Amino acid sequence: MRLRTLTLAAASGTALLAAGMLPAHASAGTATHTAPASAQEGSVSAADLLAKVKSCSQISNGKYKTDDETSATVPVCGKNGAVFWKADMDIDCDGQRTTNCNENRDPWYQDDTAFHQSDGKPLKAESLPYVVVPSSSSIWNYSSAGIKGGGVVAVIYNNKVEYAVVGDTGPTKIIGEASYATAKALGIDPDPKTGGADSGVTYILFKNSRVSPIESHSAAVSLGDQLAKQFLANN
């Protein structure tokens, strides 16, 4: 819901342990502060997923910019059971106010997200891995493509796989955005002012999927691993 969108955070220490994001000796109280960059979620490798998205069958009516000042070079591509794009990663901190996601840390901060937790509250970008999709436009309509709020996304960077959910919508002409928690888990600088990655990020969104509750990261990892295996088998 802004120029950059960030991940929602309602995963408990137990959920993070189950997802392999915390060492076994870490306490639940440190859950929102610990997300090792070396974490590999699920059993499907980054290499295997990337091998299936080497070529693009474009489904968008045009291409997207990665930032306001860049030219439009990024298409949305279609595969069996998924859509994908390869872009940068802008950091978004929208949603519930936390230590690192607030007006003081993020000049573009907004206190809401397009999709909400099961209790009706906005997502929490600092602790929940989520991805931002472009708002529907003549270029591409995400909902018509089977992409839903809470849908599973495999985010791949530097040979790491992080499972996230579709948590927010962004500008109609810009693509490549994810939450603070997504960036941190992938070893990308999560600072909303100066962080992010200029390129090299692949986003694979699984069609007609939905994590329940949306704020459960462990549920996203479990469903994501299952859908990633199906994706390999069907493409």
Side-chain angles (χ1 to χ4, degrees), residues 1-16 19 21-22 28-35 41 87-136 142-143 147-153 155 162-172 174-186 188-197 201 203 205 209-221 223-224:
M1 303 209 16
R2 78 176 216 188
L3 292 184
R4 309 181 170 168
T5 309
L6 236 95
T7 3
L8 158 59
S12 65
T14 302
L16 288 170
M21 291 179 66
L22 279 178
T30 61
T32 57
H33 303 290
T34 308
E41 296 191 329
D88 64 345
M89 183 184 287
D90 290 330
I91 308 301
D92 190 79
C93 261
D94 292 347
Q96 295 185 46
R97 287 178 180 82
T98 57
T99 301
N100 288 301
C101 289
N102 54 62
E103 297 90 338
N104 295 325
R105 296 296 301 274
D106 180 0
W108 305 279
Y109 177 77
Q110 295 183 23
D111 63 1
D112 200 6
T113 51
F115 308 107
H116 292 169
Q117 295 180 170
S118 56
D119 62 2
K121 294 180 180 179
L123 300 184
K124 195 180 292 183
E126 184 172 346
S127 54
L128 182 71
Y130 72 75
V131 165
V132 182
V133 297
S135 295
S136 296
Y142 67 88
S143 60
I147 304 306
K148 306 174 181 179
V152 182
V153 187
V155 188
E162 174 71 9
Y163 289 105
V165 293
V166 175
D168 207 352
T169 56
T172 57
I174 296 177
I175 205 165
E177 207 174 342
S179 70
Y180 184 106
T182 309
K184 187 174 181 180
L186 289 169
I188 295 171
D189 181 358
D191 187 288
K193 285 185 182 178
T194 61
V201 185
Y203 303 81
L205 294 75
S209 62
R210 180 168 287 166
V211 174
S212 183
I214 188 174
E215 66 267 22
S216 173
H217 182 59
S218 60
V221 174
L223 181 57

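Residue numbers count from 1 along this sequence. This is a predicted model, so every value here is computed, not measured.
With sequence neighbours left out, D189 forms a side chain to side chain contact (heavy atoms under 4.5 Å, CB included) with D191, T194. Residues satisfying the side chain to side chain donor-acceptor pair (under 3.5 Å) test with T172, not counting sequence neighbours, are none. In this structure S212 satisfies the side chain to side chain donor-acceptor pair (under 3.5 Å) test with no other residue, sequence neighbours excluded. Annotation: side chain to side chain contact (heavy atoms under 4.5 Å, CB included) contacts of D119 (sequence neighbours excluded): Q117, K121. Every residue meeting the salt bridge (Lys or Arg N to Asp or Glu O under 4.0 Å) condition with R97, not counting sequence neighbours, appears here in chain and number order: E103, D111.
When all heavy atoms of P134 and Y142 are compared, the pair lying nearest together is O-CD2, 3.5 Å. Considering all non-hydrogen atoms of both residues, E41 and Y163 come closest at OE1-N, 2.9 Å. The shortest heavy-atom contact between D88 and Y203 is O-OH, 2.7 Å. What you find for G170 and S135 is that their closest heavy atoms are O-OG, 2.6 Å. Closest non-hydrogen pair, A114 versus D168, comes out as N-OD1, 2.9 Å. Taking both residues in full, the closest heavy atoms of T182 and M89 are given as CG2-CE, 4.0 Å, listed atom of the first, atom of the second, then distance.
Side chain of D94 to main chain of Q110: a donor-acceptor pair is present (N/O by atom type, distance under 3.5 Å, no hydrogens or angles). A donor-acceptor pair under 3.5 Å is formed between the side chain of N102 and the backbone N or O of T98.
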